[in-house]
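Before any comments, here is the structure.
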Amino acid sequence: MNIKASILLFATLVTGSGVYAQTPLRPDAPAHIPTHAPSGDVLPEQETTPAEEVTAEPYAWKILPPLGLREPSTIDTLYVNYAQRFVPSLVTDAYGTTGNFGAPGRTLLYFEREPMSDFFFTDALRYWKPSLAGMKFYNTRIPMTLLSYNNAGGKENAQDRLHGIFSGNVDAHGQVGAMIDYLYSKGCYDYQATKHLNWGFSGSYIGDRYEFQGFFNHWNMLNMENGGITDDLYITDPAQLQGGQASIQPKAIPTNLTGAFNRVSGAQLYLNNTYNVGFWEEEEVDDTTTVRTYVPVTRFVWTLDYQKGRHTFRDTQASDTEFWKNTYLYPDESNDRTNYWSLSNTLGVQLIEEFNKFAKFGLSAFVTHQIRNYKQTTDTIDRVVPLPDGLSPYPVGKVPGSHSENLLWVGGQLTKQRGSILTYDATARFGLIGPVVGDLEIDGRVNTRFPLFGDSVSITGYGRFRNVAAPYLMNHYVSNHFIWDNDFGKTRSLRLGGILNIPHTRTYINAGVENVQNLIYFGPDCLPVQAGGSVQVVSASLHQDFKFGPLVWQNRVTLQTSSDETVIPLPKLAVYSNLSLNFKVAGVLHVQLGVDCDYYTKYKSIDYQPATMTFYNQRTIDVGGYPLMNAFANMKLSKVRFYVMMSHVNQGMMGDNYFSLPHYPINPRRFQMGLSVDFPN
């Protein structure tokens, strides 16, 4: 696919307006208390034109399950730190990745990790796959198109990404949208290319009685797997391997795998429907005008959520078999296939806060039914006769090729989202049928605000309790190189924490503790195991920014510790610091010139297993202790933001041990550039 042609095609199909503002969700829509730092989607000053004077303000929101509450969000036209989005190792402040843009990775900050999903292959690509958590809806009144393109490297190691978002209103209540995300990166090292094509459609209708929010997203993500480089000395001391020759081209470094790749594809259809029951309220504006407003009292909710996924692992090189400890199904190649689909229906009723005599707060009850289906690679070998050469004995009993589950939960939600002093929400659900019998999940948050230094300071407390069954694929799985048949018990965890946000001093603090029992993780043999005892993780993060005229210094520091590093290995300190000059040229060109640094301390790193796309614990190799620095210039002119960057600018200046995972080096120094255009109407 030609990137330039794609840009022209998408721009032709969905050209719209670039008039946006950072506005909250409209006042009559429910809000939600976030428990994370602001995303940084800071929007530019709103330019006033005659057309805008008669156009209502645009707004954006996200959906919160299980009943489709709307959380205020922003419309992304940020130019500050725009370039950092395209550096693979900067997905989070401490991130373990196989190296390439769009490749598998995992955050090393424990409190940022999400629970293991039912189809665990997508977890390694969580930051690249469309999801409900990242889905945004817009009401922009007039058409909006955001189109961006990123490029790095040359012919042999090119990195390209085209991303487009469109939203347009049918009327004041209805909206339709579209999304496309095409990523193609050859990688700086051999046999690590990535190619992703994600697309989707969305729509919403927010009326007096009926409300709808829905989307369909599809993803197809292809990742070549090189298994890491064969010897770390090619990075740390190439002269030792090359008879005194001190330099080597990254593409010339040999890798463990040469013919392997993973493909993860799937889709999600999400439909949230709400019918409001209430009354009409009349207000006399003057002697001749009366305004009627519909006031909802009770909501009835139906949500349908259909998801499907397919994972394929292929390895066509017979020479790669030396990389694997066991081979069970095919001696000369691998062709593993795992399919999954689930269908969930949630029915709920909500008493809206302040408008119901039975509850001055929001009170909801819901029931969720789900069907899950799994299909796995079929073992066709007759295990009675002697095994063919190159095959390992079957390690467990026969694993079924297909399996279905019926599950049922009941739950409730308590919310208070109106008021400036105290807001809170709590959601709980309990498993009644299927493997989730006895499961209990509780989430709660409480937030208060008070004035300080002429600004509003907020304090948020949060808690989470989980007692949940192991995903089916953690108990039963079959593939060419890994087979297991487990009977894991439920995992219990309790997390408590608090957040202090002081906008006046640009200070954000998040501290918490979690105790987890019977945690399922991947051990040194790359097989899932369940810890028999409890592990405690304590974490504290500080975000502190300083501004001295045009000089801005942004800092994020995280301290974390695990009581059992063999179960949850973590770097104890992670630091991200960004020093930049922010100014305007001729009053129209916004410029940010700076350098940033990302660093985390050495620890016994997690490692990556390509055949299952999982991260496992190992206790022999340290990773970390290396600062990654980037020099950049981010700019914005009218509706166009663009950047130039020299990533990993400090290569060769502060040592050469620049690995993200064992045997997986980060990208060498390279030039990058990109732009994003808000197309006018």
Side-chain angles (χ1 to χ4, degrees), residues 22 24 32-43 62 71-74 76 78-85 87 89-95 107-114 127 133-134 445-462 464 495-514 537-561 570-582 592 594-601 624 627-630 632 634:
Q22 184 179 11
H32 183 73
I33 308 166
T35 60
H36 49 77
S39 64
D41 285 354
V42 181
L43 302 179
K62 293 183 178 182
E71 176 185 37
S73 189
T74 55
D76 176 26
L78 175 71
Y79 79 95
V80 174
N81 298 333
Y82 181 56
Q84 280 77 348
R85 304 181 185 187
V87 179
S89 298
L90 292 185
V91 171
T92 67
D93 294 344
Y95 190 66
T107 179
L108 306 180
L109 303 181
Y110 182 79
F111 270 46
E112 292 186 357
R113 292 180 181 174
E114 296 292 333
Y127 293 96
R445 301 170 180 84
V446 59
N447 178 271
T448 185
R449 297 176 180 271
F450 57 90
L452 182 67
F453 304 129
D455 205 342
S456 179
V457 175
S458 69
I459 298 178
T460 302
Y462 58 88
R464 186 181 76 182
R495 176 179 297 187
L496 298 172
I499 297 172
L500 173 65
N501 189 12
I502 309 176
H504 182 78
T505 60
R506 302 180 178 89
T507 303
Y508 174 90
I509 300 173
N510 185 349
V513 60
E514 177 166 304
V537 176
V538 180
S539 175
S541 297
L542 168 66
H543 298 189
Q544 182 62 66
D545 298 343
F546 302 95
K547 190 176 186 301
F548 309 97
L551 186 66
V552 178
W553 186 21
Q554 299 174 309
N555 300 277
R556 299 194 296 265
V557 181
T558 299
L559 292 169
Q560 57 182 6
T561 183
L570 299 170
K572 294 187 181 300
L573 173 66
V575 179
Y576 176 80
S577 188
N578 183 318
L579 184 65
S580 64
L581 284 172
N582 297 258
Q592 181 196 24
V595 60
D596 67 355
C597 179
D598 187 63
Y599 173 89
Y600 56 88
T601 51
L628 171 65
M629 301 181 68
N630 309 283
F632 57 88
N634 294 301

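Everything quoted here is computed from the prediction, not taken from an experiment.
- Residues that satisfy the side-chain hydrogen bond (donor to acceptor under 3.5 Å, both in side chains) test with Asn630, not counting sequence neighbours, are Asp596.
- Closest of all the heavy-atom pairs between Asn578 and Gln84 is ND2-NE2, 3.5 Å.
- Shortest non-hydrogen contact noted between Phe632 and Val595 is CE2-N, 3.6 Å.
- Shown here for Asn634 and Ala83, the closest heavy-atom pair between the two residues is OD1-N, 3.0 Å.
- Residue Gln592 comes nearest to Asn81 through the heavy atom pair OE1-N, 2.8 Å, listed as atom of the first residue, atom of the second, then distance.
- Residues forming a side-chain hydrogen bond (donor to acceptor under 3.5 Å, both in side chains) with Ser577 (at least two apart in sequence, or on another chain): Trp553, Asn555.
- If you take OG1 on Thr507 and CZ on Phe546, they are separated by 7.5 Å, rounding to the nearest 0.5 Å.
- In terms of heavy-atom proximity, Ser89 sits nearest to Asp598 at O-OD2, 4.1 Å.
- Residues forming a side chain to side chain contact (heavy atoms under 4.5 Å, CB included) with Val557 (at least two apart in sequence, or on another chain): Leu573, Val575.
- Residues Tyr127 and Thr107 have side chains in contact (heavy-atom distance under 4.5 Å, counting atoms from C-beta outward).
- When atom types are taken as modelled, the side chain of Thr92 and the backbone of Ala94 share a donor-acceptor pair closer than 3.5 angstrom.
- Rounding to the nearest 0.5 Å places CD1 of Ile509 at 5.5 Å from CG of Leu542.
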Under 3.5 Å, which donor-acceptor pairs link side chains of residues 449-459 to any protein atom two or more places apart or in another chain?
none

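- Applying the salt bridge (charged side-chain N to carboxylate O under 4.0 Å, His left out) rule to Lys547 yields no partners; only residues at least two apart in sequence or on another chain are considered.
- In this structure Glu112 satisfies the salt bridge (charged side-chain N to carboxylate O under 4.0 Å, His left out) test with no other residue, sequence neighbours excluded.
- Using a 30° and 60° split on the angle between ring planes, Tyr508 and His543 fall in the tilted class, from 30° to 60°.
- Remark: Phe111 pairs with Tyr462, Arg495, Glu514, Val537, Ser539 by the side chain to side chain contact (heavy atoms under 4.5 Å, CB included) rule, at least two apart or across chains.
- Scanning for ring pair (Phe, Tyr, Trp, His ring centres under 6.0 Å) contacts around Tyr82 gives Phe86, Tyr643, with sequence neighbours left out.
- For Gln560, there are no side-chain hydrogen bond (donor to acceptor under 3.5 Å, both in side chains) partners, not counting sequence neighbours.
- The salt bridge (charged side-chain N to carboxylate O under 4.0 Å, His left out) contacts involving residues 573-582 comprise nothing, where partners must be two or more places apart or lie in separate chains.
- Applying the ring pair (Phe, Tyr, Trp, His ring centres under 6.0 Å) criterion to Tyr110, with sequence neighbours excluded, gives no partner residue.
- Judged as a side-chain hydrogen bond (donor to acceptor under 3.5 Å, both in side chains), and not counting sequence neighbours, the contacts of Asp93 are Arg556.
- The minimum heavy-atom distance between Thr601 and Lys572, with the atom names listed, is OG1-N, 3.2 Å.
- Here the CG-OG1 distance, from Leu108 to Thr558, works out to 11.0 Å after rounding to the nearest 0.5 Å.
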